[in-house]
Amino acid sequence: MSDVLVTATELRDALAAGRFADGGPVRVLDVRWRLDRPDGLPEYRDGHIPGAQYVDLDHELAAHGEPTEGRHPLPPVEALQEAARRWGIDDGDTVVVYDDLKNLSSARAWWLLRYAGVADVRLLDGSLRAWTDAGFDVETGDATPPAPGSVTLIYGALPVLPLDDVAGFADGGLLLDARAGERYRGEVEPIDPRAGHVPGAVSAPTTENVGADGRFHDPDALRARFTELGALPGVEVGVYCGSGVTAAHQAVALTLAGFTPRVFPGSWSQWSNHPELPVATGPEPR
């Protein structure tokens, strides 16, 4: 499909061959996580793609510190490297990630591993549903642990948007808020200390980047959407969400559309924990 997405059939064929024809040996990661049920291990054990290793988003794809760092700050690169080697990843592997939530959570692994220098990371388009709808077998229980990998990770392969740069970003760039519209407008806030959005940010719920089947819209449609929101030539694009998880999903869509987004890892959970920073509410001006 692309260097970002892979179909269920392409993944099945790669697993059968032991590698991708246009990539390296295949490693599959199952990233089940959702805000109301963060522990996805029971669902993983109920059925996963054969050989897929379970990834704990809260503890392996995030660190835990002060609230001013946000709910899912990036883990130390040494900790991520240790986890990636435990998942069996070597330099040159093609890593495929998926979840059971339209890739809203597995995109965090896609973005974080690419940010850490893994060149070939792909999402299973349509997530686990695409695999099961194709009639392919699933495995229950825990997958056999792989031989330890030897991948070397270094942060910095993708552009980020640090907290200090966020306040003025919308003055010359496009800052997209990937959360649901009601959270952007400040009508509800289920978890963070303040409701609303970063002043100047534009509402762009990332759920609108996929269809009912969880597959991403085609690149032309995504490009048209982001262009209408203000992603014009020469305009830098930044993106945030609640805690830096679904911002990665928006980053996938932007990448498919041909943009190079800057992710604000701390997202609203970091911004809203800094009382000195302003908050806007209501819809964006037209």
Val95 and Ile154: same hydrophobic cluster, using ILVMFWY side-chain contacts below 4.5 Å? no
Please examine the side chains of Pro159 and Thr260, heavy atoms only from C-beta on, and report whether any two atoms are closer than 4.5 Å. yes
Indicate, with yes or no, if Val97 and Leu256 share a hydrophobic cluster defined by side-chain heavy-atom contacts under 4.5 Å among Ile, Leu, Val, Met, Phe, Trp and Tyr. yes
Any side-chain to backbone donor/acceptor pair from Asp213 onto Gly126? Under 3.5 Å, distance only. no
Is a side-chain N or O of Gln250 found less than 3.5 angstrom from the main chain of Ala204, in a donor-acceptor match? yes
Side-chain contact test, heavy atoms from C-beta onward, threshold under 4.5 Å: evaluate it for Trp271 versus His197 and give yes or no. no
Donor-acceptor pair, Asp99 side chain versus Ser106 backbone, under 3.5 Å? yes
Excluding sequence neighbours, so at least two apart, what forms side chain to side chain donor-acceptor pair (under 3.5 Å) with Asn273? none
Taking the side chain as C-beta and beyond, is there a heavy-atom pair between Arg129 and Leu101 under 4.5 Å? no
Is any side-chain heavy atom of Val118 closer than 4.5 Å to one of Leu153? yes
Share the residues that join Val188 in a hydrophobic cluster, the rule being Ile, Leu, Val, Met, Phe, Trp or Tyr side chains under 4.5 Å apart at the heavy-atom level. none
Within a reach of under 6.0 Å around CG of Asp137, are more than 12 heavy atoms found that belong to other residues, nucleotides or ligands? no
When you look at Thr94 and Asp120, which way does the side chain to side chain donor-acceptor pair (under 3.5 Å) test go after all the steps? CA-CA 5 Å; Thr94 296; Asp120 193 356; 2.7 Å; yes
Any donor-acceptor N/O pair, Trp268 side chain to Ser243 backbone, under 3.5 Å: no
Could you tell me the separation between the CD atom of Glu236 and the CZ atom of Phe259, rounded to the nearest 0.5 Å? 12.5 Å
Name all residues meeting the side chain to side chain donor-acceptor pair (under 3.5 Å) criterion together with Arg86; count only those two or more places apart in sequence or in a different chain, and write none if there are none. Glu60
Quick one, Val96 and Val26 - any side-chain contact, counting heavy atoms below 4.5 Å? yes
Mind checking whether Leu161 and Val252 sit in one hydrophobic cluster, side chains of I, L, V, M, F, W, Y counted as touching below 4.5 Å? no
Are Tyr155 and Leu112 close enough that some pair of their side-chain heavy atoms sits under 4.5 Å apart? yes
Starting at CG of Leu11, measure out to CG of Asp125 and round the result to the nearest 0.5 Å. 12.0 Å
Donor-acceptor pair, Asp39 side chain versus Leu41 backbone, under 3.5 Å? yes
Taking the side chain as every heavy atom from C-beta outward, state whether Val210 and His249 have any pair of such atoms under 4.5 Å apart. yes
Under 3.5 Å donor-acceptor, His72 side chain and Pro265 backbone: no
CG of Asn103 to CG of Asn209: how many Å apart, nearest 0.5 Å? 12.0 Å
Decide whether a cation-pi geometry holds between Arg179 and Tyr240; the criteria are a distance under 6.0 Å from NZ or CZ to the six-membered ring centre and an angle within 45° of the ring axis. no
Going through the checks in order, is the salt bridge (charged side-chain N to carboxylate O under 4.0 Å, His left out) test met by Arg262 and Asp165? CA-CA 11 Å; Arg262 292 177 62 184; Asp165 293 350; 3.6 Å; yes
Taking ring pair (Phe, Tyr, Trp, His ring centres under 6.0 Å) as the cut-off, I'd like each qualifying pair that reaches into residues 156-175, sequence neighbours left out, listed once. none
Does any donor atom in the side chain of Ser150 or Asp90 lie under 3.5 Å from an acceptor atom in the other side chain? yes
Between Val263 and Leu158, is the side-chain contact (heavy atoms from CB on, under 4.5 Å) condition met? List the steps. CA-CA 9 Å; Val263 170; Leu158 296 178; over 6 Å; no
Same cluster for Val245 and Val198 if Ile/Leu/Val/Met/Phe/Trp/Tyr side chains link at under 4.5 Å? no
Distance-only side-chain donor-acceptor flag, Tyr98 / Asp30, under 3.5 Å: yes
Do the side chain of Glu139 and the main chain of Gly51 share a donor and acceptor less than 3.5 angstrom apart? yes
How long is the span from the CG atom in Leu113 to the CD1 atom in Ile89, to the nearest 0.5 Å? 5.5 Å
From the options His48, Arg32, Arg37, select the one residue that forms a side chain to side chain donor-acceptor pair (under 3.5 Å) with Glu43. Arg37
Say whether, by atom type as modelled, one donor and one acceptor occur between the side chain of Arg223 and the main chain of Ala257 under 3.5 angstrom. yes
Can you tell me if Asp192 and Ser269 form a side-chain donor-acceptor pair at under 3.5 Å? no
Ignoring hydrogens and geometry, is there a side-chain-to-backbone donor-acceptor pair from Gln270 to Thr68 under 3.5 Å? yes
Rounded to the nearest 0.5 Å, how far apart are CG of Leu176 and OH of Tyr184? 10.0 Å
Leu35: partners by side-chain contact (heavy atoms from CB on, under 4.5 Å), with sequence neighbours left out: Trp33, Arg71, Ile191
Assign the ring pair Tyr44 / Tyr54 to parallel, tilted or perpendicular, where the plane angle (0 to 90°) is split at 30° and 60°. tilted
Who passes side-chain contact (heavy atoms from CB on, under 4.5 Å) against Ala63, sequence neighbours left out? Pro73, Pro76
Side-chain heavy-atom pair Pro205, Glu208 within 4.5 angstrom cut-off: yes
Under 3.5 Å donor-acceptor, Asp100 side chain and Leu128 backbone: no
